[in-house]
Amino acid sequence: PILWFLMERVNGRVRGLARSSQQQSESALTRLIEGISGYIDLVAAGRFPRAADEYAGVLDSLRRTAIKMTITSSLAA
C-alpha cells in the first residue's frame with residue numbers, strides 16, 4: 001500500500017510535468033513560426049532583440065521542465 005501510494009504520487013507528478021512540457025513546446029513552436037514569418041517586421045521595428053530574448057526565456061523554461069520530468073521519472077523507475 002505504501003509503495004503504491006508513493007508510485008501514484010510520482011506518476012502524477014510526471015504526468016503534470018509532461019503536460020507542462022507539451023504546452024511549453026507548443027508555445028515555443030508558435031513563437032518560432034511567428035518570429036520567422038514576422039522577421040522583417042521585427043527588425044524594422046527594432047523589436048528583434050526583445051523577441052529573441054523572450055524566445056530564449058521560453059526555451060529555458062522548457063529545458064528546466066524537461067530536466068525536472070527526467071529526474072522525477074527516473075525516481076519511478
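One is the number of the first residue; the rest follow in order along the sequence.
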Would F5 end up clustered with V10 when hydrophobic side chains under 4.5 Å apart are linked, directly or stepwise?
no
With clusters defined by side-chain heavy atoms of hydrophobic residues (ILVMFWY) lying less than 4.5 Å apart, directly or transitively, does L42 cluster with I40?
yes
If the condition is salt bridge (Lys or Arg N to Asp or Glu O under 4.0 Å), which residues does E8 pass it with, not counting sequence neighbours?
R15
Using side-chain heavy atoms (C-beta onward) and a distance below 4.5 Å, is L29 in contact with I33?
yes
Would you find a donor on one side and an acceptor on the other, under 3.5 Å apart, between the side chain of S20 and the backbone of G16?
no
What closest approach, in Å, do T72 and V14 show between heavy atoms, and which atom pair accounts for it?
CG2-CG2, 3.5 Å
Taking all non-hydrogen atoms of both residues, which atom of A18 and which atom of M69 are closest, and how far apart?
CA-SD, 3.4 Å
Check whether any side-chain N or O of T65 sits under 3.5 Å from a backbone N or O of S61 as a donor-acceptor pair, and report yes or no.
yes
Checking the side chain of T30 only, and the main-chain atoms of E26 only, is there a donor and an acceptor separated by less than 3.5 Å?
yes
Got a sec, which pairs hit ring pair (Phe, Tyr, Trp, His ring centres under 6.0 Å) with one end in residues 9-39, sequence neighbours left out?
Y39-F48
CG on L17 to CD1 on I67, rounded to 0.5 Å
12.0 Å
Under the rule for salt bridge (Lys or Arg N to Asp or Glu O under 4.0 Å), what residues qualify as partners of R63, not counting sequence neighbours?
D60
Closest non-hydrogen contact found for S27 with V58 is OG-CG1, 4.3 Å
